[in-house]
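Take a look at this one; I'll ask things after.
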Amino acid sequence: MDRYLVFGHPVRHSKSPFIHTLFARQTQQELEYGLAEPAVDEFAQALRTFFDQGGKGCNVTVPFKEQAFTLVDRLSPRAKRAGAVNTIKLTDDGVLLGDNTDGAGLVADLKSHGVTLADSRILLLGAGGAARGALAPLLAELPSELVIANRTHAKAQQLAAEFCDLGHVTAQTYEQLAGPFDLVINSTSASLQGELPPLAPALIHTDIAIYDMMYGASDTAFVGWAKQQGARQTMDGLGMLVEQAAEAFTVWRGIRPGTKQVLRELKRNLGVI
């Protein structure tokens, strides 16, 4: 039976085995999917061992995405742009192909919620790996402008310069931000600590769409705050998790699973309220 893993540290909380088991059942694919939590300095060896022992593919999560980028034999165009790899496939000719499905998963989830990206004005909070992975797929949807805001302004400027060939991308400090925005995406991990990015409440209006890449059994700190400011459409990253997994499954198996029922099952599993 074909074997797949998710590598991370920590990773025992991961819902990837749950998601991919449902995908396999739905598409009648025979595979097993497990967890691997090597020490931070042992990832390269663990990855080699997995494929040497017959592994067919894997997902890679924090903190190994940038390291995986350097360990594969070939990179997909979107992985090159992202500077990080979250999906690896052993091809039929024995090549380790590195891909990044995070941005595609984000865009798919936004569209599933009816969010219009074309000609919209998007604010992306954060300039780390999550933001980098999201930029190219977002810009491919042809927004009128994408503004990056980050606590360290120089990082936002660097990211904007790197992606400016794909569309209208600018970098602003939080203090410089001026609305209106159609969509705000929080790519920072602030919600994991129950914290908020320093976004002015005045930027939130009733018709804005709010997206937090983090998720939990209840509203994240950012989603809860945005609702208090009057935002009517708010979303967390649970759908993105399922959509990027579906994209990875497609890379591995050549068949795209449906996501709606799997997302419902995942919410039930998490006890989402």
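Computed from a predicted model, the values in this text were never measured in an experiment.
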(message) Using side-chain heavy atoms (C-beta onward) and a distance below 4.5 Å, is L124 in contact with S187?
(response)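 Yes, their side chains come closer than 4.5 Å.
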(request) Share the residues that join L142 in a hydrophobic cluster, the rule being Ile, Leu, Val, Met, Phe, Trp or Tyr side chains under 4.5 Å apart at the heavy-atom level. (result)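 Joined to L142, directly or through intermediates: none.
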(request) State whether the number of non-hydrogen atoms from other residues, nucleotides or ligands found under 6.0 Å of D93 atom CG is greater than 12. (result)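 For D93, atom CG is crowded (more than 12 foreign heavy atoms under 6.0 Å).
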(message) Please check if the number of heavy atoms outside Q193 that lie under 6.0 Å from its CD is greater than 12.
(response)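 Buried by this count: over 12 neighbours within 6.0 Å.
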(message) Can you confirm whether or not the ring centre of F64 sits under 6.0 Å from the ring centre of F7?
(response)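 Distance test on ring centres: not under 6.0 Å, no.
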(request) List the atom of G8, the atom of P38, and the distance in Å for their closest heavy-atom pair. (result)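 Closest pair (atom of G8, atom of P38, distance): O-CD, 4.1 Å.
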(message) Under a 4.0 Å threshold between the charged nitrogen and the carboxylate oxygen, would E247 count as salt-bridged to R78?
(response)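 E247 and R78: salt-bridged.
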(message) Between S112 and E243, do the side chains contain a donor N or O and an acceptor N or O under 3.5 Å apart?
(response)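 There is no such pair (donor and acceptor under 3.5 Å, judged by atom type) between the side chains of E243 and S112.
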(message) For the residue pair D119 / S144, report whether a side-chain donor-acceptor contact shorter than 3.5 Å exists.
(response)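 Checked: S144/D119 side chains show no N/O donor-acceptor pair below 3.5 Å.
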Going by atom type alone, with no hydrogens or angles, which donor-acceptor pairs under 3.5 Å involve a side-chain atom of residues 67-75 and a protein atom two or more places apart or on another chain?
| residue | atom | partner | partner atom | Å |
| --- | --- | --- | --- | --- |
| T70 | OG1 | Q67 | O | 2.7 |
| D73 | OD2 | L96 | N | 2.8 |

(message) Looking at every non-hydrogen atom in both residues, tell me the closest pair between C58 and Y4 and how far apart they are.
(response)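 Here C58 and Y4 meet closest at N-CD2, 4.4 Å.
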(request) State which residues pass salt bridge (charged side-chain N to carboxylate O under 4.0 Å, His left out) with K80; sequence neighbours excluded, sorted by chain then number. (result)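 With neighbours one apart ignored, the set is empty.
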(message) If only side-chain N and O atoms count, and only distance matters, is there a donor-acceptor pair under 3.5 Å linking T220 with D236?
(response)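 Note: D236 and T220 side chains miss the donor-acceptor criterion.
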(request) Output all residues satisfying salt bridge (charged side-chain N to carboxylate O under 4.0 Å, His left out) with R232, sequence neighbours left out; order by chain, then residue number. (result)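 D207.
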(request) Kindly work out whether a path of hydrophobic side-chain contacts (I/L/V/M/F/W/Y, heavy atoms less than 4.5 Å apart) joins L183 to W225. (result)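 Per the 4.5 Å side-chain linkage, L183 and W225 are not co-clustered.
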(message) Within the structure provided, determine whether L199 and L123 are in side-chain contact (heavy-atom separation under 4.5 Å).
(response)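 Yes; the side chains approach each other to less than 4.5 Å.
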(request) Sequence neighbours left out, what passes side-chain hydrogen bond (donor to acceptor under 3.5 Å, both in side chains) with N269? Give chain and number order. (result)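 Counting only residues at least two positions away or on another chain, N269 forms a side-chain hydrogen bond (donor to acceptor under 3.5 Å, both in side chains) with K15.
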(message) Consider salt bridge (Lys or Arg N to Asp or Glu O under 4.0 Å). Of D165, D102, D99, which one does R81 pass it with?
(response)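 The single option meeting the salt bridge (Lys or Arg N to Asp or Glu O under 4.0 Å) with R81 is D165.
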(message) Ignoring hydrogens and geometry beyond distance, is a side-chain donor-acceptor pair present between E162 and Q158 at under 3.5 Å?
(response)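 No, Q158 and E162 have no side-chain donor paired with an acceptor closer than 3.5 Å.
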(message) Within the supplied structure, the quantity of interest is the number of heavy atoms (other residues, nucleotides, ligands) at a distance under 6.0 Å from Q172 CD; does it exceed 12?
(response)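 Atom CD in Q172 is packed in, count exceeds 12.
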(request) For V184 and F222, work out which heavy atoms get closest and say how close. (result)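 Minimum heavy-atom contact is CG1-CZ, 4.0 Å.
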(request) Determine whether the side chains of Y174 and N150 contain a donor N or O and an acceptor N or O closer than 3.5 Å. (result)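 There is no such pair between these side chains.
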(request) Quick one: list whatever passes ring-ring contact (aromatic ring centres under 6.0 Å, His included) with Y33, sequence neighbours left out. (result)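 Here the qualifying residues are H20.
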(message) Between M214 and I204, is there shared hydrophobic-cluster membership here, with clusters defined by ILVMFWY side-chain heavy atoms closer than 4.5 Å?
(response)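 The answer is no; the residues belong to distinct hydrophobic clusters.
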(request) Examine the side chains of T87 and N100 and answer whether a donor and an acceptor come within less than 3.5 Å of each other. (result)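 No pair is found: no donor N or O on one side chain lies under 3.5 Å from an acceptor on the other.
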(message) I'd like to know if the side chain of Q45 pairs up with that of T49 as donor and acceptor (distance under 3.5 Å, no hydrogens or angles considered).
(response)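 Side-chain D/A pair, Q45 to T49: present.
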